[in-house]
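Reviewing the structure listed below.
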Amino acid sequence: MKIGVRVLVPFGRSKTYVGIVAKTHKGPLPTGFQIKDILQVLDTSPILLDSQLRLWQWIADYYMSPIGEVYKAALPSGLKAEDGYKPKTETYIRLTPQFRNEQALHIAIDILQRAPKQQKAFIDFLNLINDEKINNYSLIELTRDELLNQGHSFQTVTALVKRGLLETYEQEVGRLNHGGEPHLDKIKPLSPVQQDAYNQIQFSFLKKNVTLLHGVTSSGKTEIYIHLIRQALEQKQQVLYLLPEIALTVQIMERLQRVFGDRLGIYHSKYSDAERVEIWQKQLSGHPYDVILGARSAVFLPFQHLGLVIIDEEHETSYKQQDPAPRYHARSAAIMLAKMRNEELYTCKVLLGTATPSLETYHNAKTGKYGLVELFQRYKGIELPEIQVVDIKDLQHRKMMNGPFSPLMLSKVREALERGEQAILFQNRRGYAPMIECKQCGWVPHCQHCDVSLTLHRSLNQLTCHYCGNTYQVPSECPNCGCTQLQTRGYGTEKIEAEVRDIFPEARIARMDLDTTRSRQAYERIINDFSAGRTNLLIGTQMISKGLDFDKVSVVGILNADNMLNYPDFRAYEQAFMMMAQVSGRAGRKGKQGLVILQTKSPDLPLISQVVHNDYPAFYRGLIAERQQFRYPPYYRLVYVYLKHRQETVVAAAGVEMGALLRQWFSGRVLGPDKPGISKVKSLSIRKIVLKLEPSLNMAEVRRYLALAQQQIQQDKRYSTLQIHFDVDPL
Ligand code: ADP
Ligand code: ZN
Ligand code: ZN
C-alpha cells in the first residue's frame, strides 16, 4: 500500500467506489465508526505524486472546497473509473452527406417537430459543430459523448442515426501529438534588449521565487520564455507553461513545437478524456514530457522534476475557476506548487508575463515581494499602435453612424483590406442581439430560471440564456400586448458579422467566440485560417484579445468601449483597460505600426487617455489609491459568501441570519447580505455577503469561523436545502 495508489472501497451496503490513498499509518485504529476493508488495490505504483496531493489539500483548504471537488476537477475521468478504462477507439458522429447543407438542415429540424427530444439533441449537435462552416461539415470532429454530455439520452441520439440524419464512425484515440525531433538550433537569438531582460530574469531568480516580466505587446516575451525553457531543459528540469485561453495554446504550440518537438506536451479541457489519461500516465513514466503547455487544469498534472513555471498573460481572469468548485486561481495554485517544490530542496521558479499586469501582481512586484523586469520596446523597435478615439455619441447625434460602425472605422478597414492586410473587430458580446424588445410596450423576454434577459441567436432562430443555457423559441408576437413588431437591441458578434458581410461582400470573414469554438478543431481552424490569410477579417469577443500573434493585422476596431465600463464591479475599470490595451496590441505586430479605432460614448474618461497613451503607470496609480481607500485587494482580502435556495423568502431569511452570525465574529468587515445584480440563476435565488479582511488576520482562523457559520445555519431545518458556498479571492 502506497500513498497515491487507487483502491476499490465499499460504501454503504452495496456501493463500491474508487478512492485514492491519502495516508498510511501503523498507529491504533480510529474508533467511533465501523472500519471496512479495502476490496482491491488497483495500481502497482501511485498515479498521484506526493506533491500533487499536497497541492490538492492546499486548494481545498485555501478555497474552502471539499477535497472531493478538487479530485473531480484534477483527475481525468478515465482515471476515476473502476476498471482503468482505456478505450482504443472512440465513437464520433457527423451529419450524413445529404444533410450537409443549410436547406436540408431546415427540413431536418422541421421533420423533428414532433420529436422534441430529438430536435433538441439535433440543434445542440448543430451548435456544437458550429453551423457557420456549412461546407466543411465533413471536416468537423465531434465525439458522441460530447453530444450525450449535453444531457441527451443514448436512445435519442441513436434515433437520430436511425432516421438517417446523423451517422457514427469509429476513430482511434491515443493520438498524442508526435511533434517530431527537437531542433534547439532553431531557437531565435535574442535581440540585445531581450537579452538584457533575460539576464535580469536570471539574476532576479537568484533572490526571488516569483518574477514579473512586464513587457509591452510584441516585445518578444514568448522568445524569452523559449530561451528560459531551453535553459531549464539543459538542467534536466521540467517546465509548465500556462496560458489562459485554449485559442492561444494553438499558436504558441506551433512556436514551441518547432524547437522542442516531441519534448512538448499539450493539456487542456478540449482534449478527449482518453488523451488526457495518456498524458497523465506519460508524466508518471520514465519518459515524461519536458515541457507541458496548457490551460488552467494543467497545474494538476504530475511533474517529477518541475523547475520552471511560466504563467503567460498572468492578468487574465480566466485563470480563476468560477463554477463549479474548487474556485481556485491557477496562478496562485502554480505559485504554491513551486513553493512546495522549494521546500523539498528543489528550486522551482515562477515567471509571470504580461503587457498589462494585474493590480495584485504589479503591487507585489513594486513592493519587492516579486522580482520585476520591464521591457518597453517592441521587437525591432516597431512603434506601438496609434489609437484614434471616435466619439459615437456625437456621431449618433448627427446621424452619421452606420449601425455600430463609424465612418472612420469603415474607411480604415476598407483601406486595410484593399492593401491586402487584415483587420480585427472586437465586440464583447456574443450572439446576435443581447436583447429583443416589443416595439409597442417595451416587453423583453426573460429566462424562466434566471433573472436575466435572453440573447437572440439568429442562425438557430433561438433565444438563449447565457447563464443556464436554456433555449427558447423566438415569439412571433408580444405576449403582453400582442404587437407583432419585436425589434432587436444592441449588437452581438453574430450581428456584427452579418452587417460586415453586407458592407464588405468581398471580405473573407471569420468569427471567433464561444459559439463558434465548441471543439478543439474549430479553434485551430479559425486561427490557422486567419494566420495563413485564408480569412482577412476576424470578428470576436475577448477571446481574440489574449496574446494572439498575427503578422498582417494593420487595423483593430473596438466597437464599443462603454460595454465594458458599465459593469457594476470594482474591477470593471481594470478589466476594461486590460481588454482594450490587449486588443490594441494585436495591431501592427510585424513590419509596421498598426492603427486602432476606439469607439466610445465617453471619450473624455481618464481611462480612455490611459489606453491611448499605453500609460500603465498612470492607470495603476489611479486605481491603487482607490483600492486602498475603499479597502479592496491588494490591500484587503475578499471572501464572497453565496447563499442559494429555490425560494426567495428562505434565502432572504437565511441571508440575514448568516450576516448577523458573521458580524458577531467579524463585525464591520461584513457587508450585506445583498441581492446581487443577477439575483436568480438556474431557478435559485441568490444572496451575497462580502467580507473584507485585513491581511494581518490569520486566514486559517477566518476559514474555521466561516465553516462554523455554514454548519450552524445549515443545521436549521428550514435551511436543509440551502446551498452555501464561498468564493475566496473572487474576480
Ligand atoms: P510577445 O510575447 O511579447 O507579445 P512575441 O514573442 O510574440 O511577443 O514576439 C512578437 C513577434 O516578433 C513574433 O512574431 C516573434 O516571432 C517576433 N520576434 C520577437 N523576438 C524575436 C527575435 N529575437 N528574433 C526573431 N523574431 C522575434
Ligand atoms: Zn408588447
Ligand atoms: Zn437561464
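Order of listing sets the numbers, starting from 1, for every ligand and every atom in it. Note that this is a predicted model, so its numbers are computed, not measured.
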### Message
Please determine whether ring-ring contact (aromatic ring centres under 6.0 Å, His included) holds for the pair Y267 and Y289, giving the CA-CA distance in whole Å, both sets of side-chain angles, and the decisive distance to 0.1 Å.
### Response
CA-CA 11 Å; Y267 191 82; Y289 286 119; over 10 Å; no

### Over 12 foreign heavy atoms within 6.0 Å of NZ, K412
no

### Query
Counting only heavy atoms not in Y472, do more than 12 fall under 6.0 Å of its OH?
yes

### Message
As a check for students: among Y225, F550, Y379, identify the option with a heavy atom nearest to atom 27 (C) of ligand 1.
### Response
Y379

#### Entry: Selected option - heavy-atom contact closest to atom 1 (P) of ligand 1, from K221, Q194, Q195
K221

Hey, does the side chain of [X] reach the backbone of [Y] with a donor-acceptor pair shorter than 3.5 angstrom?
| X | Y | value |
| --- | --- | --- |
| H446 | V444 | yes |
| Q487 | E437 | no |
| Q422 | S554 | no |
| H457 | L463 | no |
| R296 | S318 | yes |
| Y379 | S191 | no |

Yes or no: does [X] have any heavy atom under 4.0 Å from an atom of ligand 1?
| X | result |
| --- | --- |
| G353 | no |
| R255 | yes |
| S218 | yes |

### Message
With respect to T217, determine whether any N or O atom, backbone or side chain, lies less than 3.5 Å from an N or O atom of ligand 1.
### Response
no

### Query
Does an N or O anywhere in G220 fall below 3.5 Å from an N or O of ligand 1?
yes

### For ligand 1, the portion of T222 having any non-hydrogen atom under 4.0 Å away
both

### Query
Looking at R646, H645, Q647, which hits side chain to side chain donor-acceptor pair (under 3.5 Å) with T721?
H645

### Message
Which residue in the set T541, T464, D515 passes side chain to side chain donor-acceptor pair (under 3.5 Å) when paired with R430?
### Response
D515

#### Entry: N, O or S of H466 under 2.8 Å from the Zn ion (ligand 3)
no

### Message
Just checking: H449, one of its N/O/S atoms, less than 2.8 Å away from the Zn ion (ligand 3), yes or no?
### Response
no

## Note on the structure
ang(SG C450, the Zn ion (ligand 3), SG C468) rounded to 10° is 110°

### Message
As an exercise, identify every atom of ligand 1 less than 4.0 angstrom from a heavy atom of P189.
### Response
22 (C), 23 (N), 24 (N)

### Task
Using the six-membered ring wherever Trp is involved, compare the ring planes of F125 and F122 and label them parallel, tilted or perpendicular (cut-offs 30° and 60°).
parallel

### Message
Below the 2.8 Å mark, what number of protein N, O or S atoms do you get around the Zn ion (ligand 2)?
### Response
4

